[in-house]
Amino acid sequence: LGCVGFGIAFGLDGIILAIILVVVGVIVFSVSKTKKEKNRAIVNSAWNDYNQNRPTEAFVKVKDLGDDCPEAASLLSLMYYLGQGVDADMEKALHYAELGKKVDPDTQALYGTILYHKNSSEKERNLGIQELILSITRGSNLGRLRFGEIEVLEGIASENTVEKLKIAGENNYNYAYYLLAQIYLEGIGQVPKNEERGYEYMKK
């Protein structure tokens with residue numbers, strides 16, 4: 001259709017120009033797709049290293065990809081946050097979490113957590129809460145854990161807090177059970193004290 005349009009408007013020269021533009025477009029698209037596939041393979045390999053307790057090797061693989069590859073940024077944000085494979089750096093963790101949050105809800109939860117806790121303004125703390133809420137709507141159990149933790153720290157736990165932490169605990173975040181135990185042993189917020197239930201969660 002482009003060739004026909006250019007042909008009507010500019011004759012043979014227009015058709016030739018349209019063909020050149022199409023070819024260039026196809027080449028650019030192919031190169032971009034190939035680069036994304038290559039980066040995805042590198043990130044998958046880095047995650048494998050990270051999960052096999054080889055964070056230094058993982059960091060080396062993705063350290064130069066973070067600004068151009070959201071999947072790599074997600075892994076970098078976690079490593080800078082925890083200081084695994086590289087020295088801990090909250091500013092870099094925040095930077096990469098902001099880049100990676102669009103492809104991973106847990107990275108969005110990490111972004112919200114850092115914003116909330118980084119001695120920031122009330123505006124940034126509120127933004128952190130919003131990011132955590134959005135991560136939960138995307139299914140992040142890390143978001144449930146960190147949002148519940150904040151409610152415990154602020155003394156505003158509720159049955160909603162309990163439900164979020166139960167789901168996080170059932171998905172291998174055992175720290176959620178510690179928070180639940182704390183809620184029931186102390187009777188935090190709207191949740192009445194229940195030592196028996198608190199001890200049950202402490203055992204978990």
Side-chain angles (χ1 to χ4, degrees), residues 39-121 123-154 157 161 164-183 201-202 204:
N39 287 346
R40 190 174 295 114
I42 292 171
V43 172
N44 288 339
S45 175
W47 269 113
N48 183 62
D49 285 335
Y50 181 83
N51 291 327
Q52 295 296 321
N53 200 28
R54 298 191 298 269
T56 302
E57 289 89 336
F59 178 77
V60 169
K61 288 179 179 178
V62 296
K63 65 184 178 68
D64 296 324
L65 298 180
D67 288 324
D68 300 315
C69 177
E71 292 82 4
S74 292
L75 179 53
L76 284 168
S77 67
L78 182 62
M79 289 192 289
Y80 275 115
Y81 180 72
L82 297 174
Q84 294 179 329
V86 64
D87 291 338
D89 187 322
M90 289 303 108
E91 290 301 323
K92 287 184 178 179
L94 185 67
H95 168 71
Y96 286 118
E98 186 173 15
L99 295 175
K101 68 178 184 176
K102 62 183 178 181
V103 296
D104 179 48
D106 282 344
T107 303
Q108 184 171 28
L110 180 60
Y111 179 65
T113 300
I114 298 172
L115 273 180
Y116 183 86
H117 288 293
K118 69 185 282 282
N119 297 319
S120 53
S121 65
K123 180 179 178 181
E124 285 185 311
R125 285 165 64 89
N126 289 335
L127 179 58
I129 291 291
Q130 292 173 23
E131 293 287 344
L132 283 168
I133 292 172
L134 288 172
S135 76
I136 293 170
T137 64
R138 295 173 65 193
S140 171
N141 289 308
L142 177 61
R144 292 185 175 94
L145 174 69
R146 293 308 179 191
F147 195 91
E149 180 185 41
I150 289 171
E151 291 178 314
V152 172
L153 292 173
E154 297 290 341
T161 310
K164 286 195 290 281
L165 292 174
K166 280 182 179 179
I167 294 172
E170 290 165 359
N171 285 275
N172 300 318
Y173 286 101
N174 291 330
Y175 177 51
Y177 291 132
Y178 170 79
L179 293 170
L180 285 165
Q182 187 178 354
I183 289 172
Y201 280 117
M202 191 63 79
K204 289 194 175 191

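Note that the coordinates shown come from a computational prediction; the quantities given were computed from them, not determined experimentally. FYI, side chains are in, hydrogens and waters are out, and symmetry mates aren't considered; it's all heavy atoms of this structure. The first residue in the sequence is number 1, and the count goes up from there.
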Practice task
May I ask you to decide if Ala41's main-chain N or O and Ser45's side chain share a donor-acceptor pair within less than 3.5 Å?
Solution key: no

Hey, are the side chains of [X] and [Y] touching, using non-hydrogen atoms and a 4.5 Å cut-off?
{"X": "Tyr50", "Y": "Leu78", "result": "yes"}
{"X": "Leu76", "Y": "Met79", "result": "yes"}
{"X": "Glu71", "Y": "Leu65", "result": "no"}
{"X": "Ser140", "Y": "Gln108", "result": "no"}
{"X": "Ser77", "Y": "Leu75", "result": "no"}
{"X": "Glu91", "Y": "Lys118", "result": "yes"}
{"X": "Leu165", "Y": "Tyr177", "result": "no"}
{"X": "Leu142", "Y": "Thr113", "result": "no"}

Can you give me the closest heavy-atom contact between [X] and [Y], atom names plus distance?
{"X": "Val62", "Y": "Ala46", "value": "CG1-CB, 3.5 Å"}
{"X": "Gly139", "Y": "Arg144", "value": "O-NH1, 3.7 Å"}
{"X": "Arg138", "Y": "Asp104", "value": "NH2-N, 3.7 Å"}

Practice task
Before giving the answer on side-chain contact (heavy atoms from CB on, under 4.5 Å), spell out for Tyr96 and Asp67 the whole-Å C-alpha distance, their side-chain angles and the decisive distance to 0.1 Å.
Solution key: CA-CA 8 Å; Tyr96 286 118; Asp67 288 324; 3.8 Å; yes

Handout entry: side-chain contact (heavy atoms from CB on, under 4.5 Å) evaluation trace for Asn48 with Arg54
Key = CA-CA 8 Å; Asn48 183 62; Arg54 298 191 298 269; 3.9 Å; yes

Got a second to check how far [X]'s [atom1] is from [Y]'s [atom2], nearest 0.5 Å?
{"X": "Met202", "Y": "Leu180", "atom1": "CE", "atom2": "CG", "value": "10.5 Å"}
{"X": "Tyr111", "Y": "Leu99", "atom1": "OH", "atom2": "CG", "value": "9.5 Å"}
{"X": "Asn44", "Y": "Asp49", "atom1": "CG", "atom2": "CG", "value": "11.5 Å"}
{"X": "Cys69", "Y": "Asp64", "atom1": "SG", "atom2": "CG", "value": "12.0 Å"}
{"X": "Ile114", "Y": "Glu98", "atom1": "CD1", "atom2": "CD", "value": "10.5 Å"}
{"X": "Leu132", "Y": "Glu151", "atom1": "CG", "atom2": "CD", "value": "10.0 Å"}

Problem - side-chain contact (heavy atoms from CB on, under 4.5 Å) between Lys61 and Trp47, worked out - result: CA-CA 10 Å; Lys61 288 179 179 178; Trp47 269 113; over 6 Å; no

Exercise for the section: Indicate the ring-plane relationship of Tyr80 and Phe59, choosing parallel, tilted or perpendicular according to the 30° and 60° boundaries. Expected result: perpendicular

Practice task
Mind telling me whether Tyr178 and Tyr175 have parallel, tilted or perpendicular rings, with 30° and 60° as the class edges?
Solution key: parallel

Exercise for the section: Give a yes or no on this: more than 12 heavy atoms of other residues, nucleotides or ligands lie within 6.0 Å of atom CG of Asp87. Expected result: no

Practice task
Decide side-chain hydrogen bond (donor to acceptor under 3.5 Å, both in side chains) for Glu131 and Tyr116; before the verdict, give the C-alpha distance in whole Å, the side-chain angles of both, and the deciding distance to 0.1 Å.
Solution key: CA-CA 10 Å; Glu131 293 287 344; Tyr116 183 86; over 6 Å; no

